[in-house]
Number of protein chains: 2
Amino acid sequence: MPCEQCPLRGMSGFRDFTDQELRFVSSFKRGELVAEAGSTILSEGAHSPHLYTVLSGWAFRFKTLPDGRRQILNYLLPGDLLGLQGSIMGEMEHSVEALTTVVLCVFQRDKLDSLFEGYPGLGFDVTWLAAREERMLDEHLLSVGRRTAVERAAYLLAFLHSRAEALGKISYKSLHIPVTQQHVADTLGLSIVHTNKTLRKLAERGLIQWLDRSCEIVDAEGLRALADWEKPKERKRPLI
Amino acid sequence: MPCEQCPLRGMSGFRDFTDQELRFVSSFKRGELVAEAGSTILSEGAHSPHLYTVLSGWAFRFKTLPDGRRQILNYLLPGDLLGLQGSIMGEMEHSVEALTTVVLCVFQRDKLDSLFEGYPGLGFDVTWLAAREERMLDEHLLSVGRRTAVERAAYLLAFLHSRAEALGKISYKSLHIPVTQQHVADTLGLSIVHTNKTLRKLAERGLIQWLDRSCEIVDAEGLRALADWEKPKERKRPLI
DNA sequence: CGTTAGATTGACCGTCCTCAAGAAGTGTGG
DNA sequence: CCACACTTCTTGAGGACGGTCAATCTAACG
């Protein structure tokens, strides 16, 4: 049974809930939160009492060094869980900021225990999402550690394209990635100047087109080939 | 009640099992596996039918690009879970290699469902461990993306020291980290030559001492200061 | 119409890489 | 016991990749 309460209902490949689970998820919910583009959703060090699911929009997780250097860790798209680390470890170790207007579904953190107790299927789903996040971080780390600037940029854009595409049929009309070159730089571990020159090379090759504050993917296959990266096969995934 | 079957029993800060859980974990177990230093425990692409816990020794997780460039993602120490990604996503996306002789506790993958169903506390623990791994990867990514070579090396060694120390009272006599400079290079995303020169600087500052195939931490506090990194407060942690 | 954020470009410089060679330690076989 | 291969660590030289500084351009916005 598709989740009636959820704007994501009917998304292909997503998990359906049983009636029982549906009732629980419903009681677990505490409403919605809307974050404007550029606003901070969660801050490092916060003891947030909530757990969130992204319903729509783009956001990103990041950490900063004391002197201000920033590293973007991953991007959040509809269906992604947010604040699990804070819920489980007690304190957020990273911050989250909205790239576009983001709508979040708010859950009560203290009900997480009863989720595991009463609804093992949902508990497994949370773990599934955590394992998926880990897999993405593994890939980012490989990229930042071992790829050249051009390869890194190609990988990142192919990766984001692939994620958006998996949701795209219903949530997005065009696959424009809503980031500035500063975001790309902070994701790749490069300076903004070098990032600009690198993106320019990709544009000259006809792989992308840079628009104002966003990137249009022209040739996703070409980007993947350049980065020597394979798109993960999207299979049925859970959704809380 | 401490886990009687487990060599790690009695380790301070570790979770105790209830009688019921203990019986389940016992039935979950399929025996032990010993891997020699340098041997591959799991390979990328493998559909491993098992899930493992490290009982003793050091190992590391890594990914490689098609042309051979290697990135070490994280290190595995006693108490760490191994193969969860494979269990949940179906296929391993990284490889695991032993640094020293490693003893693993082997679990049946297909019992993972019944773990979540019958033992929510244990299910929660698995998620706890996944969230912890994610936190470590976040830190590594920040380091590789935004720290300088010297800072990166200092962070890595302080990090490994901190992890070993948390287990050290009982498992290790000395805190020698069993890696070659090639391992350090592949973790930091640097060449072996530059890694050598960087480690040399740390040694000249009296922070470490490089021995044959291992590193002795002389001044952990100094390393942390150099990397501007804070040791995570170790709290009670679960263990499966 | 000035202000601001983002994108762009050139010049110069430093970090880090590659190539190359050698030293020291370990294991193997003759 | 020695010769040889192999791995790990070390060091120097030259060059490429990417960083910093600085100036310019554009579009959006009040």
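Order of the sequence lines fixes the chain letters, A, B, ..., with proteins taken first and strands second; residue numbering starts at 1 for each chain.
Ranking C:dT18, D:dT10, C:dG10 by closeness to the B:Ser191 side chain, first place goes to C:dT18. If you check C:dT9, D:dT10, D:dA28 against the side chain of A:Asp212, the one that comes closest is D:dA28. Which of C:dG6, C:dA20, D:dT20 sits closest to the side chain of A:Val193 comes down to D:dT20. For A:Trp210, whose side chain is taken as the heavy atoms from C-beta onward, the closest listed nucleotide among C:dC16, C:dT9, C:dA7 is C:dA7. Comparing C:dC16, C:dA11, D:dT10 by their closest approach to the side chain of A:Lys197 singles out C:dA11. Closest to the side chain of A:Gln181, from the set D:dG18, D:dC9, C:dT8, is C:dT8. Side-chain proximity of A:Arg213 to C:dA5, D:dG18, C:dC16: nearest is C:dA5. In the set D:dG19, C:dC16, D:dC9, D:dC9 carries the atom at the smallest distance from any side-chain atom of B:Asn196.
One atom, CD of B:Glu216, and another, P of D:dC9, lie 15 Å apart when rounded to the nearest Å. One can place CD1 of B:Ile192 at 16 Å from C1' of D:dG12, the figure rounded to the nearest angstrom. Atom C1' of nucleotide C:dT8 and atom CD of A:Glu204 are separated by 12 Å, given to the nearest angstrom. Rounded to an integer number of Å, the gap from B:Leu199 CG to C:dC16 C1' is 14 Å. Whole-Å rounding puts the A:Gln182 CD to D:dT20 P distance at 11 Å. Distance A:His194 NE2 to C:dA11 P: 17 Å, rounded to the nearest Å. Regarding B:Glu151, its CD atom lies at a distance of 14 Å from the P atom of D:dG19, rounded to whole Å. When rounded to the nearest whole Å, the span between CG of A:Leu190 and P of C:dC16 equals 13 Å.
Neither side chain, B:Trp229 nor B:Glu151, offers a donor N or O lying under 3.5 Å from an acceptor on the other. In summary, the side chains of B:Arg61 and B:His94 do present a donor paired with an acceptor at a separation below 3.5 Å, with no hydrogens or angles considered. Side chain to side chain, B:Glu134 and A:Gln85 meet the donor-acceptor criterion of an N or O pair below 3.5 Å. Checking A:Asp186 against A:Gln71 by side-chain atom types alone, no donor-acceptor pair falls below 3.5 Å.
Taking the screw axis at each terminus of the helix from C:dC1-D:dG30 to C:dG30-D:dC1 from five consecutive base pairs, the angle between the two is 30° to within rounding of 10 degrees.
Across all strands shown, B:Gly38 has no heavy atoms under 4.0 Å from either base or sugar-phosphate atoms.
In this structure, A:Glu165 pairs ionically with A:Lys231, as a charged nitrogen and a carboxylate oxygen lie closer than 4.0 Å.
A donor-acceptor pair under 3.5 Å links the side-chain atoms of B:Arg152 to the main chain of B:Leu188, judged by distance alone.
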CA sep, side-chain torsions, deciding dist, call: B:Leu207, B:Leu226, side-chain contact (heavy atoms from CB on, under 4.5 Å): CA-CA 10 Å; B:Leu207 299 171; B:Leu226 185 53; 3.8 Å; yes

